[in-house]
Amino acid sequence: MKVDGKHFRSIWRERDGWSVGAIDQRRLPHEFVVARLTSCEDAAVAIRDMLVRGAPLIGATAAYGMALAMREDASDAGLKRAYDTLVVARPTAINLKWALDEMRTTLAPIDSPERAEAAYARADEIVEQDVEINRGIAGNGLKLIEAIVAKKKPGETVNVLTHCNAGWLATVDWGTATAPIYLAHERGIKIHVWVDETRPRNQGASLTAWELGHHGVPHTVIPDNTGGHLMQHGMVDLAIVGTDRVAANGDVCNKIGTYLKALAAHDNNVPFYVALPSPTIDFTVDDGIRDIPIEQRSGTEVTDMTGRTADGRLETVRIVPEGSPVANYAFDVTPARLVTGLITERGVLKPDRASLAAAFPERIATAE
Ligand code: MRU
């Protein structure tokens, strides 16, 4: 998608052919900075410190992390060390493990001298596959938006609510929740996005608003607590969010606060869709609420806020009294019964085991 009119992806192989470029998302929206990753450790730190974030991008970064590791040490021990280092970088998004398993399956049977080249080739495929999947999500989600347009009066705008950043910055390109929105915008459909700020790290306010703005999509940033009010007053036609892991039973894990939006949508008959690429499905987890590990992050994300001062400096301030304990659960799980449908690259599915299994049988096979 576009930044200042120029097409960007969130991650890429640099011109030297081996190092990896990625947009440093910790600096947005205030500064556009590109980081260069040159080692497996760089990739692990980038994921852990959220220089890159968002489930699909975490997976893509891990894949390149394995490739960087194979340049350093392509032995069996090196392969294991890289896998073990990267797989613990963040706990909730299953795309991380999916990408690492894909890399290991490709690399394990290959002789060490050929592993680095094969690793880059497979990582490139994972990256391209992400873009293709998101194009599929775009097309399938567009049909839902078109159905809403058909029911509206001519010239009326479709209002979509989204939470966190499931935009192109969270993937390689297009995004998941935003893919249908970008396609609708490209097709000339009048669309407007309510962007939840997404405390405590504000991925909505900082990232979703930034990318929609650069691509020219009309949007409004709202405090996290506003969605219910908007839904009660008919100001949201549908909600589309992303996800970090979908359990076999259709439960959806996503950024903290998603569950509350789903409850409000249910109470107000607002369709609540989850956009997901198939690598986000975890057929090894039967019950999302019980079994998906929820990342707990540093309390400073709750106690402190960073922003730009009027004279242009970036400054961090404390907003919680000294000594007050805080809790920082990064994700929650929305039960399948609150989800209207799962927008995947293979169609819009019911959020249940039978539909997921019928659409992605090959994923079940690898989970067994
Ligand atoms: O903690 P983050 O910023 O990695 O959380 C991101 C989200 O929760 C996204 O909504 C999710 O990864 C889907 S991204 C297509």
Side-chain angles (χ1 to χ4, degrees), residues 1 9-11 22-26 28 46-62 89-99 130-131 133-138 141 161-182 193 195-211 224 239-246 252-262 272-282 288 292-298 301-302 328-334 339 342-345:
M1 295 290 117
R9 284 182 170 186
S10 60
I11 194 163
I23 299 170
D24 185 343
Q25 302 194 20
R26 298 166 306 182
L28 292 173
I47 295 168
R48 197 180 59 226
D49 293 353
M50 294 180 69
L51 183 152
V52 292
R53 28 67 52 207
L57 178 57
I58 290 171
T61 308
R90 285 192 74 190
T92 301
I94 195 62
N95 307 56
L96 173 63
K97 183 170 181 303
W98 171 84
D130 179 72
V131 180
I133 286 175
N134 296 340
R135 284 209 183 98
I137 291 172
L161 181 136
T162 194
H163 187 66
C164 193
N165 175 261
W168 70 265
L169 288 167
T171 66
V172 176
D173 205 353
W174 282 89
T176 56
T178 55
I181 293 168
Y182 284 126
V193 186
V195 178
D196 283 353
E197 60 184 346
T198 321
R199 279 286 288 151
R201 287 186 67 99
N202 297 317
Q203 291 95 325
S206 304
L207 305 177
T208 306
W210 181 84
E211 59 163 89
D224 276 334
I240 312 180
V241 301
T243 170
D244 295 83
R245 197 185 299 211
V246 173
V252 168
C253 182
N254 192 45
K255 181 55 52 185
I256 191 82
T258 303
Y259 173 42
L260 292 176
K261 295 297 140 57
F272 187 89
Y273 286 99
V274 177
L276 69 137
S278 53
T280 307
I281 306 166
D282 188 351
I292 295 178
I294 301 296
E295 177 177 9
Q296 291 192 52
R297 298 188 57 82
S298 162
E301 292 181 355
V302 180
N328 189 9
Y329 296 91
F331 300 94
D332 60 25
V333 177
T334 299
V339 176
L342 302 171
I343 310 172
T344 76
E345 70 268 30

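In this text the structure is predicted, and so the values were computed from the model without any measurement. Counting starts at 1 for both ligands and their atoms, following the listed order. Excluded from the calculations below are hydrogen atoms, water molecules and symmetry mates; all remaining heavy atoms, backbone and side chain alike, are included.
With a 4.0 Å heavy-atom cut-off, ligand 1 is reached by the backbone of N165 but not by any atom from C-beta on. Under 4.0 angstrom from ligand 1, the non-hydrogen atoms of R90 all belong to its side chain. Under 4.0 angstrom from ligand 1, the non-hydrogen atoms of T243 all belong to its backbone.
Here R297 pairs with E295 in a salt bridge; the nearest charged N to carboxylate O distance falls below 4.0 Å.
Counting non-hydrogen atoms of neighbouring residues, nucleotides and ligands closer than 6.0 angstrom, the OH atom of Y273 exceeds 12 such neighbours.
Considering both main-chain and side-chain atoms, H163 never comes within under 3.5 Å of ligand 1 through any nitrogen or oxygen pair. Considering both main-chain and side-chain atoms, T176 never comes within under 3.5 Å of ligand 1 through any nitrogen or oxygen pair. Distances between N or O atoms of G54 and those of ligand 1 include at least one value under 3.5 Å. For ligand 1, the polar-atom distance check against P56 finds no nitrogen or oxygen pair separated by under 3.5 Å. Inclusion of N254 in the set of residues having an N or O under 3.5 Å from an N or O of ligand 1 is warranted.
Residues R201 and S206 approach most closely at O-OG, 4.3 Å, considering heavy atoms.
Given atom 7 (C) of ligand 1, the protein heavy atom at minimum distance is D244 OD1, 3.4 Å. Nearest non-hydrogen protein atom to atom 5 (O) of ligand 1 is K255 CE, 3.3 Å.
Annotation: ring-ring contact (aromatic ring centres under 6.0 Å, His included) contacts of Y182 (sequence neighbours excluded): H215.
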